[in-house]
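Heads up: the structure comes next, in structure tokens.
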Amino acid sequence: MGSKSNSSTASNQTTKTTTKTTQLNLQDVDGVAVGGGGNVKVNITDGGAVAAGFDFGSDALSTVDNVIETGFAYLSETAENAVDRVSSYADKSLQEVSNATRSDTAETLQTLTKYIAGAVALTAVAYAVMRK
């Protein structure tokens with residue numbers, strides 16, 4: 001019978017990576033020169049752009065505030081006008097209802113009272129003139 005043979009080779013490989021991070025805070029620097037080996041990452045923030053962004057946001061909020069105030073003032077005025085008109089129409093309607101419920105006799109008596117009062121006033125004036 002024949003013979004069988006097995007052979008195997010194993011290999012272990014280890015890779016080591018070292019990362020060194022240094023944070024630099026640079027303010028009011030016109031230019032920056034960085035030198036070094038390997039991967040160098042530089043983040044620079046333009047402080048002027050950030051300040052301008054805050055100013056823009058502040059201006060936008062002020063504009064929105066003004067729009068809201070103007071809108072509320074307009075709505076308030078419109079609501080007051082609507083209430084005034086409704087009140088006026090209600091008064092007119094009640095007056096018409098009041099006039100409609102009066103009887104013809106009551107209107108006649110009211111008219112007669114006006115004429116009698118006028119006649120009394122004229123008589124008083126005539127009496128005063130004749131007495132002088």
Side-chain angles (χ1 to χ4, degrees):
M1 299 206 58
S3 72
K4 292 184 180 182
S5 93
N6 278 339
S7 76
S8 66
T9 307
S11 171
N12 289 337
Q13 185 178 7
T14 304
T15 304
K16 184 177 180 184
T17 303
T18 304
T19 303
K20 183 177 180 183
T21 303
T22 304
Q23 292 185 345
L24 300 174
N25 292 325
L26 304 173
Q27 295 176 345
D28 300 323
V29 176
D30 290 336
V32 176
V34 177
N39 293 333
V40 177
K41 184 176 183 181
V42 178
N43 294 326
I44 298 175
T45 302
D46 184 358
V50 172
F54 281 126
D55 289 343
F56 175 77
S58 178
D59 291 345
L61 289 174
S62 294
T63 301
V64 169
D65 186 45
N66 289 338
V67 167
I68 289 172
E69 284 182 19
T70 303
F72 279 138
Y74 177 75
L75 288 175
S76 177
E77 182 181 339
T78 302
E80 286 177 17
N81 289 340
V83 168
D84 290 344
R85 285 184 181 214
V86 167
S87 177
S88 174
Y89 290 139
D91 288 343
K92 287 179 183 177
S93 296
L94 289 174
Q95 184 63 38
E96 290 298 321
V97 168
S98 176
N99 290 341
T101 58
R102 287 189 188 165
S103 67
D104 290 336
T105 306
E107 287 184 31
T108 304
L109 286 174
Q110 185 178 8
T111 304
L112 235 120
T113 303
K114 288 179 190 176
Y115 290 134
I116 291 172
V120 169
L122 285 175
T123 305
V125 170
Y127 178 75
V129 169
M130 291 177 74
R131 190 162 182 222
K132 283 188 178 186

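What you see is a predicted model, and the numbers here were worked out from it, not measured in a lab.
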Hydrophobic side-chain clustering at under 4.5 Å (ILVMFWY, transitive links): who's grouped with Val120? Put none if nobody.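 Members alongside Val120: Leu112, Ile116.
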Could you state the interatomic distance from OG (Ser62) to CG (Asn66), rounded to the nearest 0.5 Å?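 Atom-to-atom, Ser62:OG and Asn66:CG are 6.5 Å apart.
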Straight-line distance of Phe56 CZ to Leu61 CG, nearest 0.5 Å: 10.0 Å
Do the side chains of Tyr74 and Thr70 get nearer than 4.5 Å, heavy atoms only?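 With C-beta onward as the side chain, the pair stays apart.
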Distance-only, no hydrogens or angles: does the Ser58 side chain make a donor-acceptor pair with backbone N or O of Phe54 under 3.5 Å? no
Val64, Phe72: one ILVMFWY side-chain cluster at the under-4.5 Å cut-off?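 They do share one cluster, since a chain of ILVMFWY contacts under 4.5 Å joins Val64 to Phe72.
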